[in-house]
Every structure is written in C-alpha cells, then in structure tokens.
Amino acid sequence: MSGSGAAPGPGSGSSSGSGSSSAACRFAHYFVLCGIDADSGLEPDELAVLYQWLEADRHSKSQEATNPTSGENFDQSPLRRTFKSKVLAHYPQNIEWNPFDQDAVNMLCMPKGLSFRTQNESKDPQFHSFIITREDGSRTYGFVLTFYEEVTSKQICTAMQTLYQMHNAEQYSSVYASSSCSMDSLASSIDEGDTTSLLKLQRYNSYDINRDTLYVSKSICLITPLPFMQACKKFLIQLYKAVTSQQPPPLPLESYIHNILYEVPLPPPGRSLKFYGVYEPVICQRPGTNELPLSDYPLHEAFELLGLENLVQVFTCVLLEMQILLYSQDYQRLMTVAEGITTLLFPFQWQHVYVPILPASLLHFLDAPVPYLMGLQSKEGTDRSKLELPQEANLCFVDIDNHFIELPEEFPQFPNKVDFIQELSEVLLQFGIPPEGSLHCSESATKLKNLVLKDLVNDKKNGNVSTNNISMYELLKGNETIARLQALAKRTGVTVEKMDLSASLGEKEKNLKLQCEEAELRDYQLNVQLREVFANRFTQMFADYEAFVIQTAQDMESWLTNREQMQNFDKASFLSDQPEPYLPFLSRFIETQMFATFIDNKIMSQWEEKDPLLRVFDSRIEKIRLYNGRAPTLRTSIYQKCSTLKEAAQSIEQRLMKMDHTAIHPHLLDMKIGQGKYEQGFFPKLQSDVLATGPTNNNRWVSRSATTQRRKERLRQHSEHIGLDNDLREKYMQEARSLGKNLRQPKLSDLSPAVIAQTNWKFVEGLLKECRMKTKRMLVEKMGHEAVELGHGEANITGLEENTLIASLCDLLERIWSHGLQVKQGKSALWSHLIQFQDREEKQEHLAESPVALGPERRKSDSGVMLPTLRVSLIQDMRHIQNMSEIKTDVGRARAWIRLSLEKKLLSQHLKQLLSNQPLTKKLYKRYAFLRCEEEREQFLYHLLSLNAVDYFCFTSVFTTIMIPYRSVIIPIKKLSNAIITSNPWICVSGELGDTGIMQIPKNLLEMTFECQNLGKLTTVQIGHDNSGLLAKWLVDCVMVRNEITGHTYRFPCGRWLGKGIDDGSLERILIGELMTSASDEDLVKQCRTPPQQKSPTTARRLSITSLTGKTAKPNAGQIQEGIGEAVNNIVKHFHKPEKERGSLTVLLCGENGLVAALEQVFHHGFKSARIFHKNVFIWDFVEKAVTYFETLDQILDNEDDVLIHKSSCKTFCHYVNAINTAPRNIGKDGKFQILVCLGTRDHLLPQWIPLLAECPAITRMYEESALLRDRMTVNSLIRILQTIQDFTIVLEGSLIKGVDV
C-alpha cells in the first residue's frame, strides 16, 4: 500500500503497459478543465437537490418548496442554486494504471457544482485540493484553482433571466399570501451580513440581462501522484494570471501544460527539482528514503486554525479511530487540517473512510457506521445546532472556522500530553506562531481579520492566512494571550520580542542563494520540525514493539490464510511493560485497525519489500538503540524531547539551496496556425492533439524509470515463482487488510439508489463481521484464561484489557443503532431507542395494571428459605440506570446499560426484546438499516448470546460509588435447630470494595434488605448473635446475599452451630462466599459452567472434622500432603499474576481448598479427639496446651544462639495466641485456629511455629504414633513448602482479623 509514502508512484509499480513506464515518474498525470457545458445549458444538480429534498422530507417540511422532479429549488434565488458542472477537457485521455474517473474528478473539482455571480459580487479565485483514495488504499491528489469567467452564451443568460422572473413571481405571491413579512426566508438566501436593507437585497437578488454581466465558475486542475501542493498551486496561479493579464503569455498555454504533463519528472527521493511556470520557476523537493514521507500542506495553518491544544485532542481521536467530522466554509481548510493530521500519524496510517471534502451529493455518507475522517463544507450562516448528524456517540466534531471542537465521552488523554504540548509550542514560537491558534475573538484579532480579508482582495491569490506573519504580531501586541506567551517564551529561552524577521531574512538572502521564497523555506522547516516531534513520541512509545510481534507462520501463504484466527501481537505483555499513565490510551490504541495494519506490515516484511513508512520507523528505532548502547531502556513515563529537529530542518535547506534537477523549459509545440488565440479573461480552448501524447524522444527520465520498472518486474515474477499466484495473493492481502474495515472511500462516480443500497449492504456485512470478531475475541480472552486456571482463583483478563474490549463493544452497538436512522434524537441512538420503547411499554403497563403480578414471587420467600426470584425486566434495568445520579449523559447511560446487561447475561435477550417491537423499529429506521435486515440481526443477537458463556463484572467494577440495594437470607438447618431463637442476631457483609458494618437482624426474620455503597464482588459474611434468652443455640446452613441490581447471588456456606456450649462454642463465624450460577433456584447446582470458583468449606467436611458425624471417610496422609501443596501453589500463582488480574486471596486462605483447611487436615491427622466425658477436643486445645508449656519453659539448650532463636519464636507464638484469645470477639475454637493461620501466613511465621508445635511434649498425649505431625520427614517437607510463600506481601481482609491486636 503506497499511501503517501515515498513510493515511486501510486500503486508502486502496478503499471504494466509498455511506454507507460515513463509515466510512473511524471510530476503530473492529468490536466483537467471543468465548467459549464454551453450545449447542455443550465442543468440543476439533481443529486444535491435530491439530498435537500430528502432532508426536507426527513424534517417533514412542506414539500412544495422543493420539487425533486424538476430539481428546482424555489426557496433559493437562482444565483444561489446548484447547477451541474462538467469535465470540459482532460489531457491525456487516459493512463492505464491511473484511469481517469470523470465523475469523481468533476465532483471534487466543483463540489458545489457551478456557481454564478454578477459584476456586483467578489470574484476572487479560490484554490483547493482534494484526494482520491483507490480501492487498494493508494492515493491520487488533485489541485484546483476555481475562477470566474464571463458567460458569453446568450442562451444561458436568457435561461437565468427566466428563472429569476419565476422566482420573483413566486416570492412576491408568497409575501402577499402570508401577510407576515417573509423577508426572513428571502434574507436567508443571501450572505447573512448583507441583510441590511431591502434595496441591497433586491440588487443582489436580481439579474437583468440588459443591465448585468453574468459570470460562471470554471476550474483548472492538476492531478498528481504525490502531494506537491505548493508547486501545483504556484503553477495554476501563474496559468490564471496569464489568462487575465493584459499581455498574452510568452508562449501559448499548451506549451506550459504539455511541459508539466510530459516533460517534468517527479524529483527522485532526497532531491529537489526546478521547473518553469508561465512567468517564474517553480521549486519542489522530496524527502529522502530515510526521512519522513512527503507532506506539502502547511502544518502551521492547521495549528493556527485549531490551536495547539485542540489539534492534539483531534489527533488523539484520529489515533483511536473515532468518527471525525471537520466543518468549514473553505474547502482548502478542510484539506489542510485533514492532511495535516493524517501526516502526523507516522508511522501509522488512517485505514478507514477518508473524504476530506464531502460533496453535497454524498451527505448520506455521514450515516456510515464505521470510523471516518470527513470534511463537510458549512453553508454561510448555518451554525452547528442546525447540523443533523446521524450519530454522535463516538463523534469528534471540529468546527475549524470557529476554533471549536466537541469531543466524544470517555476519552483518554494522549500520554505526556502537557510536556508534549509544551515542546510543540516551543517549536511554533520559534517560527512566530502563537500556539493557541490565530484569530481569537479579541479586538485586535477582528482588526486582523479585516486586514487579512483586504489583503486577499488586493492580492488576487487566495491564501487562507496572510503570508506575512509579522504584521500579525504587531497587531497582536496588545493581546493578553500574547503577553502570556512572551512570558512563557522568556522562561523557555525563546526570544519573541524582536519580531523583525524581514531584516534578518534579507541578510540571509544576500549570503546564500536560496532558490525559493524565504516564507516557503520556513513552511517546509516548520512542517518537518513539528512532524519530528510527533514521530519522536511514537518512536519512544513503541521503541521495543518488535519484541511483542508474534511471528508464527512459516510462509506468507499460510499466514494470509490463517490471518483471522491468529494473534499477531502480544498485547497483554506489551501493556504490562508500559508506564501506568500511558495505559488508558495505549490499551485502546493497540486495538485499532491502524495498529493492526502496522503489525501486519511488519510481519509481511519478512517475505516482501518493507512498507516505506515502516522502514523509516524501524531505522529510527535502530538509531535509538545505538544511542542507548543496546541496553534495554526502562519504560519510564519521563518525557524525552526530540533531538533531531536541527538535522531535519538542515537537510531541507540544503536541498533548496542547490537544485539537483532542472526540467526542460516549456517550448513551442507543433500547433496548427491560428489556434491558441489569446482573449483576455477567457481560458482558451486548448488544442487537444498536441496535449494528448507526450514527446517520443527517450530522455534520461524514461531510461532511469525503465530500469526500476524492470527490477520491479523481476521482483514480481520472483514472488509469483515462490508459489503464490499474484492475483490470489492480492486477494488474500485485501481480505487480510480489510478485516473490520470494508470501505476506504465511497465510490464517487455512480450514485444511483442501487449503489447507495449496495454501499449500505457493505456496511451491514461489515458491522456483522466486526460483531463476530469482537464477541469471539471477548470469549477467547475470557475462556482462555478460565481454562488455564482450571478453577484456581477467578479467571479474568486484565481489567484494563477487558475494559477496552467492552468499550469497543459499546461503540459497535452505538454504530449499529445509528445506521439508517430516520430522525436522530439525542446523542445516543441506542438510548433514544430504549427510551421510546420504555414509554410504549409503560403506557401498556398502565393500561394493564393488575396487583396479582407479584403474588407467586413473594410466596416463596415467606418460608424464609430461599431468595425470591428476581424478575428479568429490560425496563427495570433501565430504571436502575436512570436512578444513577453519577451518569450525566445519554451516551453514558447507554454504556452503563450495556455493561449491566452484559454482567447479568441478558444483553442478547434485552436487545431481542427491544427489537421485537417492530412498529417502533419501522418508525425509527429506514429500510436498509442494519436493524431491519432480519437475517443479519438474528446472527448479531446470536453472537451476543455467546457472551453469556463467561462471567463479566463490567458494571460492578466500574460504577464503584453508586448505592446498591442488597437482599440477604439466612437459611437454618430446620431438622436439628430451633426454628425460633431468642437471641439477637447480626450480620456484616464484606466485598472487595468495602463492608456494610454490623447490621442487626430483626428477631426471627431471616430475610432482610439493605442499601449501601457498591461492595464490589462479595467475599465474606460475618454472622453472630448475643446468646441472650433460653433458645440461644442456632444451626445455620448458609447465608445468601444478592445484589438487587446485577442479580449476582452469593452463597456463604456455614453448616455449624452458633451458641455457647455447643460445637466449638462460637457465637460468631466468618463465612466465605461463592458466586452462584445464574439459573433458576432448582437447578442451580446442576448447571455446568466454566470451572467454578472456590467455595468456603462445605458443611460435610466441617462437621466431619469436628467429629459430629463420622460418615465421611477421612483423607489419608498422601491426600493431605497433596492438599497442602495445592493450597500453597495456588497462593504462589496468585502473586505471579499481574495485580489487576488477581482474584480474592481470602478464598485461597480460608476457602474450601484453602491453606487453613489444608493445615487443619494436617493437625487432625492422628488427633486423639475421642470425646472425653462427652466434651469435644479441638486443635485449639492442643495449641493452648503448647502455649502453657512454652510459657513455663526454661530448660537450657546446648547452643546459645539456638536458644535465643527458639525463645523468640516461642514468645511470638504465645503473644499471637493470647492476642486471639483476648480479642473482644465471640469466636469459636476453629475460628481462632483460622485467625492464627492467617496471621502466621501474613507475618511469615508459620515455618517457625510448625517445628515448635511438633516438638512440644503435649503432642505425645494428644496425637497417635502414626500422626503426620510426629513424623520428622513430613514436618520438614511441610516447612519447606510453607517457606515458598515467604517472599509475598500478604494483605488480609479486615473481616478475618477484626479486633485481634498483634
């Protein structure tokens, strides 16, 4: 893909015809003349009028004003209407590898069609440029000068007079019909500034064949393979001067046009070229192969138009592939900003729809549900609010003329933005350009504006900004922003005070023979320095990108065929390497198409010639590495300035000092006598036979290009020989590259309804494909992680990556919902659809309201055993979102609703319900809309349904500060326990984000609801009672807690008694939660899902441990040791994950297969727990005996050092046990053991304590001979295993050790 790189021509060498090989090196491909066709007369521009009519129809205004059949628009005065222009001539007729597209060129040369003026109006020539992007992404540039020429055809003047008579009659009758003054409608048809008086109005609004001279627009245009804007502009302006000057030009115009078409070569990379216009030479230069690619649009204009801050924001939007709409009255401004910003993307390239000038007839393209960068010409006097845009959820709107941008929500900042802007402003200030952009609305600026306008009038040229920056500075001296800037400049050591540029430049000219104007050189130098600063950011940010490129394929063919299935960049590792502040931006950027294509090009470069941009970028990275002495640079977020500014500016200056090539002078051609006649003010009818073909002589350009051509041909045959047919390969390439992007540029030529329908069909297919890719990616990421985990800890992609994927899903849904909208309401198409659905449903609810609905739901909970089922309701979910005061916008509400539905696994179901209301869908969407394509819609819902296979917490984890209602139910074991208890129970629920504090439960009510700030995923519940009254013993089976918004239900198994003198005498217990699967209560257990998370110890095991029942078989020694290994291993794995991916440590310590449970098994093995006098003996009893022994211990060991170590270990052990015993909590003996293990793990003391306990005399009394603790080998291996978690910093959840003070 050649893009605007330094490739020798568009399509780089795709030319095949003989003879055309020289054309690949020509400066210009076509010269085109557009204007009015005297034979066909005044034809209204149907497409533009049809569009206006459709607009009127959309707003259901009266249709009589615009009549689509005749194409006449009676609202507008005839001089303001659009008429069809035609390509009057183009030379040569065709170049086979860059075919001439007549319709596209006509449309882009005169985007508004023909315009008429009378002698009373200004007729300054206007310059603009355009771009045509071909199917393969290569580009051709057009440069156009539009001027006014007197209409000589009597027939056309008469037609115009007739139109005026009809128009005036129409207006006259309507004025009198509606007694209210209809001046408004008249006024709106003129420039707003001129509505001062009726007289003026009538003068402007009339045309009298006897009194007025009629002028019509005409365009001359050069079409070139590379964007040499400055050179083409100069050449065209000289041609125009030749037409309007008093004296005829030195040679007929054909000579100059023939010269630029056939005799002026493209300058080779790294060289400069001089060729001749009508009056003076024209200079152009082309960057070398290791420099930034050619860009000739003056960046300073883009910075002046937008201001630095705004430009960086828009640039960020472009990088993140949002929809960018530029808006200005001036075509050239649209081009300048669009080309300026896309140039700054180096080494990346914009991969989506790119139409910097959107012709009026193509406005339906704003409907495109894909990222785009388009420019829209604003009509004089229309403001932003009148502009109807189909979708704004992801839109960056850039009003160039008013210095104003609207950004999408949830917008990450560019890394190091502040330093970056600072560095850019230093560059701008050196060139005397105010970083906040020129033309601010201050008094001095309005003076300036008028001056500039005067300049433009005097100056017959048409620059947007006067070339003379110095007077601007004089004017702006009183401006406060300039004062601030000067202060800033002083601090940064840049002098702005003496802005006497003209003098210094004058001296320079004496010393050095510059071949071009000083201003031009400064433009070139400023351009390249600004671009270097941008390029340097990417070189720093992606300095080590190569390390993360995944190269799996052996050859190109296998890579291309499997391109869709393969990951080609290790995103997670790359992000984990980046500085934290960069992540919000980078995580989204590496998901873009431009980044994917960049990596694709990198992979392809092993088999074919490197993409030019990639080659330059890689060589720069290589340079950085050499400077850093090959040591891998640490990724810091410290800002590193660009160090190559001077060199870059110098290389350009050197090229312009000495011309490398001079083209042949224009010369007389072999023309028929009497033609090429000169008539001042009229562009001559050119003699086509001399312009149709180039010279036959074989000059050096041809031979030079022929060798490159031969080399290309060899390469091509070689790649064919490798075994992949070229066409097939191209097809693969196209498919590989068009993943997720179906249209680069609308087909400009044929715009029949069929083509529009086909385009929309392409969009529908593209959206469906994108949906398939995105859901698949979200599944693979999640499932992959979950499968690897096999149930150890929670599965989770990095929160960051998941967030990026979900954000891009939200964006996709917004685009789908805004495709083919009839009338846009609000910024979010999805939310507006939901609201309308809600209104309709609520109306029906009111009609059919019945109190029975809640009956069956409540009954179940009266028994107090189960949670009442949560009703699935789209409307209810919407109300939850509407009640969240934190969310202020519709786009935000739509996103929150998508996240909530995804977390509840209801996204597909909800959207299906929303779309099942067909009358509403038909009312809101046009026939071709995605949502009205039955089959695609079904597939789309099916793809979304697949997301139900995994658990997302994308709502709970993002909206952390909202209030959430919870419902809890305590389920006692009825058979063994009292149904009624007399004591006062309490509960405290904890989650990853906080806890509720202790809440009293109303007596004998087992169910309660409470509201508190989002707790996140729930982890533990503490439950207890105060032991008052006669019936104070309570056997609890489990506690259930449900988040009433997301429907997530957690089960906290208990299966133990709470009460003094029963079980282990505990009055409170800490229960560990498990998330229930979302099925109906009956088959909760049966339903399979990805590996379950760990639970808290099950009832059965707990009871068997405390030997209440002897039913379950006890594990043998081997299983116990395995259990310990597994538990410790899980903790190690937990800490080896990136921080954002770790699950809950509490589960790994106290859960079913956690460390506490595993150690309990060790301590229970061979434990003599026969009930002595019907009293249970617990491990804690053994621990307390050990403490008593240690406290009385004073026996002397042989070695002094050992004694000290031994003593200190004993001391800390006793201290911890006593602290747990004296804690102000009614924890039972097993609970105390759990706290001891948790504290020992946290403070890395377990490996010291285990040998103490194993050597304590009490062990012989309380353990059998075969017990694991009495086996020296086992104890040593246990200590070694526990030592593997010594290095980790373990933070315990507050609820586990509340009240224990150590």
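Scope of the values below: all heavy atoms of this structure, side chains included, with no hydrogens, waters or symmetry mates.
With Gln285 as reference, Arg655 is the one residue of Gln654, Arg655, Arg271 to meet the side-chain hydrogen bond (donor to acceptor under 3.5 Å, both in side chains) rule. With Thr140 as the partner, the side chain to side chain contact (heavy atoms under 4.5 Å, CB included) test is satisfied by one option alone out of Ile131, Ile223, Leu226: Ile223.
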- [ ] Kindly indicate, with the supporting measurements, whether the criterion salt bridge (Lys or Arg N to Asp or Glu O under 4.0 Å) is fulfilled by Asp618 and Arg620.
- [x] CA-CA 5 Å; Asp618 281 353; Arg620 288 169 168 237; over 6 Å; no
Open item on the list: Applying salt bridge (Lys or Arg N to Asp or Glu O under 4.0 Å) to Arg531 and Glu291, what does each step give before you reach the verdict?
Closed with: CA-CA 11 Å; Arg531 291 171 65 200; Glu291 297 175 51; over 6 Å; no
TODO: Apply side-chain contact (heavy atoms from CB on, under 4.5 Å) to Lys274 and Val282, showing your working.
DONE: CA-CA 6 Å; Lys274 176 193 213 164; Val282 178; over 6 Å; no
Task: Intermediate values then yes/no, ring pair (Phe, Tyr, Trp, His ring centres under 6.0 Å), Phe617 and Phe598 - done: CA-CA 11 Å; Phe617 188 67; Phe598 172 76; 5.7 Å; yes
TODO: Give the intermediate values and the outcome of side-chain contact (heavy atoms from CB on, under 4.5 Å) for residues Met229 and Gln332.
DONE: CA-CA 11 Å; Met229 187 200 78; Gln332 188 54 16; 3.2 Å; yes
- [ ] Might you work through the ring pair (Phe, Tyr, Trp, His ring centres under 6.0 Å) test for Phe228 and Phe27, ending with a clear yes or no?
- [x] CA-CA 9 Å; Phe228 289 111; Phe27 181 85; 5.3 Å; yes
Open item on the list: Using the rule given for side-chain hydrogen bond (donor to acceptor under 3.5 Å, both in side chains), can you reason through Glu653 versus Gln525, listing the C-alpha separation, both sets of side-chain angles and the distance that settles it, and then say yes or no?
Closed with: CA-CA 8 Å; Glu653 192 163 351; Gln525 291 185 330; 3.1 Å; yes
TODO: Verify ring pair (Phe, Tyr, Trp, His ring centres under 6.0 Å) between Phe538 and Phe348, making sure each step is shown before the conclusion.
DONE: CA-CA 9 Å; Phe538 290 122; Phe348 307 103; 5.2 Å; yes
- [ ] Report the C-alpha distance between Val32 and Phe100 in whole Å, list the side-chain angles of each, state the deciding distance to 0.1 Å, and finish with yes or no for side-chain contact (heavy atoms from CB on, under 4.5 Å).
- [x] CA-CA 10 Å; Val32 187; Phe100 186 76; 3.7 Å; yes
Open item on the list: Using the rule given for side-chain contact (heavy atoms from CB on, under 4.5 Å), can you reason through Leu526 versus Gln430, listing the C-alpha separation, both sets of side-chain angles and the distance that settles it, and then say yes or no?
Closed with: CA-CA 9 Å; Leu526 174 58; Gln430 278 174 346; over 6 Å; no
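Side chain of Arg286 to main chain of Pro267: a donor-acceptor pair is present (N/O by atom type, distance under 3.5 Å, no hydrogens or angles). Here the side chain of Tyr524 pairs no donor or acceptor atom with the backbone of Ala649 at under 3.5 angstrom. Checked by atom type and distance alone, the side chain of Glu532 never pairs as donor or acceptor with a backbone atom of Leu645 at under 3.5 Å. Formation of a donor-acceptor pair under 3.5 Å by the Ser272 side chain with backbone atoms of Asp660 is found in this model. Looking only at distances, no side-chain donor or acceptor of Asp401 sits under 3.5 Å from a matching main-chain atom of Ser328. With hydrogens and angles ignored, the 3.5 Å screen pairs a side-chain donor or acceptor of Arg522 with a backbone N or O of Phe431. Of the possible polar contacts, none joining the Ser255 side chain to the Leu251 backbone as a donor-acceptor pair under 3.5 Å is found. Using modelled atom types, no side-chain atom of Asn290 and backbone atom of Val616 make a donor-acceptor pair closer than 3.5 Å. Side-chain atoms of His258 never come within 3.5 Å of backbone atoms of Leu261 as a donor-acceptor pair (strictly under, hydrogens ignored). Judged purely by atom type and a 3.5 angstrom limit, Asn98 has no side-chain atom pairing as donor or acceptor with the backbone of His29.
Closest of all the heavy-atom pairs between Met110 and Ser85 is SD-CB, 3.4 Å. When all heavy atoms are compared, the tightest approach of Ala338 to Leu373 is CB-CD2, 4.1 Å. The two residues Tyr276 and Pro666 come nearest to each other via the heavy atoms CB-CD, 3.6 Å. When every heavy atom of Leu334 is checked against every heavy atom of Pro356, the shortest pair comes out as CB-O, 3.5 Å. Between Ala302 and Thr336, the closest heavy-atom pair is N-CG2, 4.0 Å. Nearest heavy atom pair, residue Tyr240 against residue Pro125, reads CE2-CG, 3.7 Å.
Applying the side chain to side chain donor-acceptor pair (under 3.5 Å) test to Ser651 and every residue at least two apart in sequence or in another chain returns nothing. Under the rule for a side chain to side chain donor-acceptor pair (under 3.5 Å), Ser643 has no partner lying at least two apart in sequence or in another chain.
In summary, the side chains of Tyr297 and Ser129 do present a donor paired with an acceptor at a separation below 3.5 Å, with no hydrogens or angles considered. Side chain to side chain, Thr146 and Ser217 fail the donor-acceptor criterion of an N or O pair below 3.5 Å. With hydrogens and angles left out, the side-chain atoms of Gln93 and Tyr30 include no donor and acceptor closer than 3.5 Å. Using a 3.5 Å distance cut-off with no hydrogens or angles, the side chains of Glu263 and His665 do not pair a donor with an acceptor.
In this structure, CE on Met659 lies 11.5 Å from CZ on Phe275, to the nearest 0.5 angstrom. Distance check, rounded to the nearest 0.5 Å: CD of Glu608 to CG of Asn601 gives 8.0 Å. The structure places CD1 of Ile260 at 5.0 Å from CG of Leu222, a figure rounded to the nearest 0.5 Å. With rounding to the nearest 0.5 angstrom, the CZ atom of Arg333 is 12.0 Å from the CD atom of Gln377. Atoms NZ and CG, on Lys218 and Leu145 in that order, are 13.0 Å from each other to the nearest 0.5 Å. If you take CG on Leu428 and CG on Leu299, they are separated by 9.5 Å, rounding to the nearest 0.5 Å.
Side-chain contact check for Leu294 versus Pro227: some heavy-atom pair is nearer than 4.5 Å. Looking at Leu358 and Val355, their side chains come closer than 4.5 Å, going by heavy atoms from C-beta outward. Ile400 places none of its side-chain heavy atoms less than 4.5 Å from the side chain of Gln329. Within the 4.5 Å cutoff, the side chain of Ile220 has no heavy atoms near those of the Val144 side chain. Counting only heavy atoms from C-beta outward, the side chains of Phe31 and Leu239 approach each other to under 4.5 Å. Between Pro268 and Leu273, the closest side-chain pair of non-hydrogen atoms is not below 4.5 Å. Residues Ile283 and Leu656 form a side-chain contact, since some pair of their non-hydrogen atoms from C-beta on lies under 4.5 Å apart. Thr289 is listed as a side-chain neighbour of Arg615, based on a closest heavy-atom distance under 4.5 Å.
Taking the six-membered ring where the residue is Trp, His352 and Trp350 present perpendicular rings, their angle passing 60° and hence far from 30°.
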